[in-house]
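Notes follow the structure.
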There are 2 protein chains.
Amino acid sequence: MNERSRESTRQRILSASQKVFAEHGYTGANMRLIAQGAAVSVGCVYLYFKCKDELYLTLLESWMNELDARTTDALENIVEPAEALAAFITTGIVYAREHKEMVLLQGRDLGFARGLEMKQQFLRKRRSLIEDIVRKGVATGIFCDCDPGEAAKLIFCSMRGFIVTMMMGEEALYSPEAGVELLLNGLLRRDTP
Amino acid sequence: MNERSRESTRQRILSASQKVFAEHGYTGANMRLIAQGAAVSVGCVYLYFKCKDELYLTLLESWMNELDARTTDALENIVEPAEALAAFITTGIVYAREHKEMVLLQGRDLGFARGLEMKQQFLRKRRSLIEDIVRKGVATGIFCDCDPGEAAKLIFCSMRGFIVTMMMGEEALYSPEAGVELLLNGLLRRDTP
DNA sequence: CGATTGACTGAACAATCGTTCACATGAACG
DNA sequence: CGTTCATGTGAACGATTGTTCAGTCAATCG
């Protein structure tokens, strides 16, 4: 018994939780599966965490704290706005890439997979549409010499982010005009003083 | 009994489903609630739809078909790429706004509602950070005279869309460099030939 | 009028899941 | 050695949910 300490068991439970939540989403994750992953009994989990929710929120909070710290670090010695923005975006995205499991922890509840293939097909089609438009713009010289695929991805993500933000009932919804304006003209000033 | 027809009952069930799914998500929606909303028995729902899944997919499919048709219409007489892109984005976003319920139908299952308050606080903070950077850029003349709030929203949504796309296991992930480049410089060509 | 048809009912069933708590075990202590 | 402490167990409980199916009722038909 002494080969297990409270901290070690607690950590094991958190670790297993992360994996199970990431794979199954909150709803799909069940405590038996988590206990199994942590090599403890299901009752043991409740010795360390009050309930399933607390488990999830503990993980979520540590994730947010870490991303916060990372972002603060990245911005520390940057004054120039374009550079700052670049650092902000890059940090966020690279972090998400490195911690895919933490990203997945946020999603993929049971209903998520509902009609997933259909959704993916639909969205793929829409992305292609964007890409075609951008490719045409590049070919005609109206758009800059960018990678149409990458541009389409960014635009696609902007719209998708809008949808999710709406779902969350938040106020961070850009107007179509402002969105289009920024995507076409960019942030950097065009008229040189 | 004859005051109800098959089509009328079926439609009522679909209508009620939409509301319940939108409010509770797939997992949270239960068939008793749907039946209640449709003013039929729970067994009656199964006379029209094989299972809960079929109900959901029927709604999802009709939503996607409608958005598809709308987008096709909007792009029909447009040749210029910047205009086409503007139409595409505007249509998508306006449609989402008008059909919030359909958006929510997709959404509660993303698991984003878990730990919502904590997340909203965290994300609000991040958005403020973006906004400050943009505001500073505008004040120093490096960035164009845009609304920092709107720009921050767009940038925020781009990053958020990235997260969701990753969750969907898709390939539509822009690189940070390309993302930053596009957001700073925009799509429209800067060197005038 | 009895039989048939169409539309519907809701209790029951089986399965699942978060949580509890009486019990177990080993180590340390006096 | 008996007692206490620390760590852990897993069957059982209560609640919930998708689905089924024997039964009901009204309208129509022959």
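Here is the naming used below: chain letters follow the sequence lines, and residue numbers restart at 1 for every chain.
Rounded to an integer number of Å, the gap from B/I34 CD1 to D/dT19 P is 10 Å. Put simply, CG on A/L55 is 10 Å from P on C/dT19, counting in whole angstrom units. Summarising the geometry, the separation between CG on A/D53 and P on C/dT19 is reported as 8 Å, rounded to the nearest angstrom. We find that OH of A/Y56 is positioned 17 Å from C1' of C/dG18, with the value rounded to whole Å. What separates NE2 of B/H24 from C1' of D/dG18 is a distance of 17 Å, to the nearest Å. Atom OH of A/Y26 and atom C1' of C/dG18 are 9 Å apart (whole Å). Rounded to an integer number of Å, the gap from CZ of B/R10 to C1' of C/dA7 is 16 Å. The distance from atom CE of B/M31 to atom P of C/dG10 is 16 Å, rounded to the nearest whole Å.
Relative to the side chain of A/C44, the nucleotides C/dG18, D/dT9, D/dT17 differ in distance, and D/dT9 lies closest. Considering only the side chain of A/R32, C/dC17 comes nearest among C/dC17, D/dT9, C/dC8.
Dashed line: the shortest gap from a side-chain N or O of B/Y48 to OP1 or OP2 of C/dC8 is under 4.0 Å. In terms of phosphate contacts, A/Y46 brings no side-chain nitrogen or oxygen within less than 4.0 Å of OP1 or OP2 of C/dT20. When the side-chain nitrogen and oxygen atoms of B/T9 are compared with OP1 and OP2 of C/dC8, one or more of them lie within a distance under 4.0 Å. Here A/S41 reaches the OP1 or OP2 of D/dT9: one of its side-chain N or O atoms lies under 4.0 Å away.
For A/P176 against B/V94, the heavy-atom pair with the smallest separation is CG-CG2, 4.3 Å.
A rotation axis mapping the C1' atoms of four pairs onto the next four is fitted at both ends of the helix from C/dC1-D/dG30 to C/dG30-D/dC1 over five pairs, and the angle between these axes is 40° to 10 degrees.
Along DNA chain D, the nucleotide closest to A/V42 and the one closest to A/L47 are compared, and the more 5′ of them pairs with A/L47.
Put simply, the side chain of B/S158 gets close to the backbone of B/L154: a donor and an acceptor are under 3.5 Å apart. A donor-acceptor pair is defined here as one N or O able to donate and one able to accept, closer than 3.5 Å; such a pair exists between the side chain of A/R190 and the backbone of A/N185.
Judged as a side chain to side chain donor-acceptor pair (under 3.5 Å), not a single pair has a partner in residues 77-90 of chain A (not counting sequence neighbours).
For the pair A/R70 and A/Y95, the NZ or CZ position fails the cation-pi test of under 6.0 Å to the six-membered ring centre and within 45 degrees of the ring normal.
No more than 12 heavy atoms of other residues, nucleotides or ligands shown are found within 6.0 angstrom of CD on A/Q121.
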**Study point:** Stepwise side chain to side chain contact (heavy atoms under 4.5 Å, CB included) test for B/R135 and B/F143
**Key:** CA-CA 8 Å; B/R135 183 170 288 115; B/F143 291 166; over 6 Å; no
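Across all strands, A/A29 comes closer than 4.0 Å only to sugar-phosphate atoms, never to a base (heavy-atom distances).
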